[in-house]
Amino acid sequence: MREHDRLYIGGELVAPAGTGTIDVVSPHTEEVIGRVPDATPADMDQAVAAAREAFDHGPWPRMAPAERAAVVARLTELYAERLGDLSELITAEMGSPITFSQLGQTGQAHAVYGYFAELGKGFAWEEERAGMFGPVTVRREPVGVVAAIVPWNVPQFIIALKLAPALIAGCTIVIKPAPETPLDGYVLGELLNEAGVPKGVVSIVAAGRETGEHLVRHPDVDKVAFTGSTAAGRRIGAICGEQLKRCTLELGGKSAAIILDDADLGATMGWLKMASLMNNGQACVAQTRVLASRTRYDEVVDALAETVGGMKVGDPADPATEIGPLVAKRQQERVEGYIRIGQEEGAKVALGGSGRPHDRGWYVTPTVFAGVTNDMRIAREEIFGPVLTVIPYEDEADAVRIANDSEYGLAGTVWTADNDHGLEIARQVRTGTYGVNMYMIEASSPFGGYKGSGVGRELGPEGLAAYLEYKSIARMG
């Protein structure tokens, strides 16, 4: 049981304005494992005031970029020392299998901090350009106070996507974790203090949706960085548009994995276990639409059902577990509802479809649907659980058409014996990230989506640019 009675505001533990609390419930045992204050709008006002003061008058934005990079580098070193603790904590909070927590939850976050620490050392903060009457200095300056809204599925990684570039840019930031996963933020707060981040620069304040919207609307917030559902992203985008506030939105996905006829099915299935079912299927980049040619359709369905059926479902703290529980009972019920919808739509259950693998915990039986057409709801809507659909295609052009026939455009893959041909396919699919015979999010390369999958990019130099304003200073030669 981990209990906190203070909020991390501006680098200090502060008594909350209200008396409400958030219970953290284990998805595996359904027992309360932690408790933290439920922040109120008044608490958010205090966090924003600290960030505003630190940005307008504090040392952080006025430090040399190399000094800020050195602090983030120190944070990276300290973070490495707490990887085990953070991984176990996230697994307890939201049910991520411990092997994925070590890789995708904290390992990836550590890589992001390290990448931006290096990028900040040599980044071109100013450059000279030729103008009509003389030289022009183009400056890159921090955007200001940032509000970061973070979901529960990969909390530390998504915090890093926003916190690392914001710090390097010289911004101050208020982070609102999801109420399902507030505990790991306290560990991060300890590390930020130990790394030497000045007071006021970072606040990590867990709260519900209404308090989160108060933060988004706050007049002293200059930029919003949000990761979550497309529906919530549309609302946040509308608020930011009304206020002419900068925003980055990383939203949902319904990504397609195109299996070409020359693909090695054994190798492909080995990768698809991660690409399609990482984090118990609770990943926006999950390859949940598997596209197979009619020539090999039955073979692909059988291979996928055998692969998913062989994955161990159970205690997420067990290193042998590959699929754990979903984050909450509401998520369990949502996913089971989609399984029923798929059956009502006429899809054929190739694996799973009913029953629960455990009596206790928010588990869902991993399910593979065959006989799926791309107009079915299970092929169009983000389910966010261990449910896969296999859709037939006529030829490669049809496969690309189906892949692109989606509201979303976040990720995708193609599986083939010919990497060069795979690259040709990749160029035709309208999606922000793509993999040929693999799928990875690379810290050095922009991450984000087309269409309903979001606005803007994170990671890479493009991710740093999202926290900068550009200023042109022209002068007579």
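Atoms considered below: every heavy atom in the structure, side chains included; atoms not considered: hydrogens, waters and symmetry mates. In this text the structure is predicted, and so the values were computed from the model without any measurement.
We find that Lys273 and Glu322 are joined by a salt bridge, their nearest charged nitrogen and carboxylate oxygen being less than 4.0 Å apart. At a threshold of 4.0 Å, the pair Glu381-Lys254 does not count as salt-bridged, since none of the basic side-chain nitrogens sits closer than that to a carboxylate oxygen. With salt bridges taken as basic N to acidic carboxylate O contacts below 4.0 Å, none links Lys176 and Asp38. Ion pairing of Glu12 with Arg6 is absent here, as no side-chain N (NZ or NE/NH1/NH2) approaches a carboxylate O to less than 4.0 Å. A salt bridge between Arg356 and Glu336 is present, with a side-chain N of the basic residue lying under 4.0 Å from a carboxylate O of the acidic one.
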### Task
Could you walk me through whether Val290 and Thr389 pass the side chain to side chain contact (heavy atoms under 4.5 Å, CB included) test, one step at a time?
CA-CA 6 Å; Val290 178; Thr389 61; over 6 Å; no

### Task
I would like to know whether Val285 and Phe447 meet side chain to side chain contact (heavy atoms under 4.5 Å, CB included); could you show each step before the answer?
CA-CA 10 Å; Val285 297; Phe447 171 68; 3.7 Å; yes

### Query
For Glu31 and Arg360, what are the C-alpha separation, side-chain angles and deciding distance, and is it a salt bridge (charged side-chain N to carboxylate O under 4.0 Å, His left out)?
CA-CA 10 Å; Glu31 296 173 352; Arg360 186 176 66 165; 3.7 Å; yes

### Message
The test is side chain to side chain contact (heavy atoms under 4.5 Å, CB included); show your working for Leu119 and Leu464 and say whether it passes.
### Response
CA-CA 9 Å; Leu119 180 65; Leu464 178 56; 3.9 Å; yes

### Query
Please walk me through it: do Ile378 and Val387 pass side chain to side chain contact (heavy atoms under 4.5 Å, CB included)?
CA-CA 9 Å; Ile378 58 171; Val387 179; 5.7 Å; no

### Task
Take Trp152 and Phe157, measure what ring pair (Phe, Tyr, Trp, His ring centres under 6.0 Å) needs, and give me the verdict at the end.
CA-CA 10 Å; Trp152 46 260; Phe157 175 59; over 10 Å; no

### Task
I would like to know whether Arg330 and Glu180 meet salt bridge (charged side-chain N to carboxylate O under 4.0 Å, His left out); could you show each step before the answer?
CA-CA 12 Å; Arg330 70 174 190 281; Glu180 292 84 358; 2.7 Å; yes

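Residues passing the salt bridge (charged side-chain N to carboxylate O under 4.0 Å, His left out) test with Glu3, sequence neighbours excluded: Arg35. When the side-chain hydrogen bond (donor to acceptor under 3.5 Å, both in side chains) test is applied to Thr431, no partner is found at least two apart in sequence or on another chain. With sequence neighbours excluded, the residues forming a side-chain contact (heavy atoms from CB on, under 4.5 Å) with Ala263 are Ile259, Thr268, Trp415, listed by chain and number. Partners of Thr307 according to the side-chain hydrogen bond (donor to acceptor under 3.5 Å, both in side chains) rule, which considers only residues two or more places apart in sequence or in another chain, do not exist here.
Between His28 and Tyr363 the shortest heavy-atom distance is ND1-OH, 2.6 Å. Across Leu265 and Ala303, no two heavy atoms sit closer than the pair CD1-CB, 4.2 Å. Closest approach of Pro198 to Trp60, counting heavy atoms only: CD-CE3, 3.4 Å. When all heavy atoms are compared, the tightest approach of Pro325 to Pro27 is CB-O, 3.5 Å. Between Gly385 and Val335, the closest heavy-atom pair is CA-CG2, 4.0 Å. Smallest separation of non-hydrogen atoms from Met438 and Thr413: O-CG2, 3.5 Å.
Rounded to the nearest 0.5 angstrom, Glu194 CD and Glu77 CD are separated by 10.5 Å. Taken to the nearest 0.5 Å, the NZ atom of Lys451 stands 13.5 Å off from the CG atom of Leu251. Residue Thr365 holds its OG1 atom at 8.5 Å from CG of Leu351, rounded to the nearest 0.5 Å.
Using a 3.5 Å distance cut-off with no hydrogens or angles, the side chains of Gln156 and Tyr79 do pair a donor with an acceptor. Using modelled atom types and a 3.5 Å distance limit, the side chains of Thr227 and Lys162 yield a donor-acceptor pair. Side-chain N/O atoms of Asp315 and His358 include no donor and acceptor closer than 3.5 Å. Side-chain atoms of Thr248 and Tyr467 form no donor-acceptor pair, as typed in the model, at a separation below 3.5 Å. If you check the side chains of Ser87 and Thr106, you find a donor sitting under 3.5 Å from an acceptor.
None of Ser101, Ser96, Ser26 except one satisfies the side-chain hydrogen bond (donor to acceptor under 3.5 Å, both in side chains) rule with Thr91; the exception is Ser101. Test Ile204, Val201, Val187 against Leu192 for side-chain contact (heavy atoms from CB on, under 4.5 Å) and you get one pass: Ile204. Each of Arg234, Arg380, Arg430, Arg377 was evaluated against Glu407; a single residue qualifies, Arg234, per the salt bridge (charged side-chain N to carboxylate O under 4.0 Å, His left out) test.
No donor-acceptor distance shorter than 3.5 angstrom exists from the side chain of Asn193 to the backbone of Glu190, with no hydrogens or angles considered. No side-chain donor-acceptor contact under 3.5 Å links Thr321 to the backbone of Lys312. Using modelled atom types, one side-chain atom of Thr367 and one backbone atom of Gly353 make a donor-acceptor pair closer than 3.5 Å. Judged by distance alone, with hydrogens and angles left aside, the side-chain atoms of Thr181 form no donor-acceptor pair with the main-chain N or O of Glu93 at under 3.5 Å. A donor-acceptor pair under 3.5 Å is formed between the side chain of His110 and the backbone N or O of Thr76. Arg68 places no side-chain N or O within 3.5 Å of a backbone atom of Gly120 that could act as its donor or acceptor partner. Remark: the backbone N or O of Leu272 is not paired with any side-chain donor or acceptor of Gln287 at under 3.5 angstrom. Within the 3.5 Å criterion, the main-chain N or O of Val216 finds a donor-acceptor partner in the side chain of Lys245. Remark: side-chain polar atoms of Gln105 are paired, donor with acceptor, to backbone N or O of Asn153 under 3.5 angstrom. At least one donor-acceptor pair closer than 3.5 Å links the side chain of Ser255 to the backbone N or O of Ala411.
Sorted by first then second residue, the ring-ring contact (aromatic ring centres under 6.0 Å, His included) pairs that include residues 167-196, not counting sequence neighbours, are His4-Tyr186. Applying the salt bridge (Lys or Arg N to Asp or Glu O under 4.0 Å) test to pairs two or more places apart or on separate chains, those with a residue in residues 212-228 are Arg52-Asp222, Glu213-Arg217, Glu213-Arg235.
Using a 4.5 Å heavy-atom cutoff, the side chains of Glu382 and Tyr408 are in contact. Side-chain contact check for Ile441 versus Thr433: every heavy-atom pair is 4.5 Å or farther apart. Annotation: side chain of Val174 is not in contact with side chain of Val146 (no heavy-atom distance under 4.5 Å). Looking at heavy atoms from C-beta onward, Pro97 lies out of side-chain contact with Ile323 at the 4.5 angstrom threshold.
A 6.0 Å sphere centred on CZ of Arg246 holds no more than 12 heavy atoms belonging to other residues, nucleotides or ligands. When the shell of 6.0 Å around CD of Glu333 is examined, it contains more than 12 heavy atoms from other residues, nucleotides or ligands.
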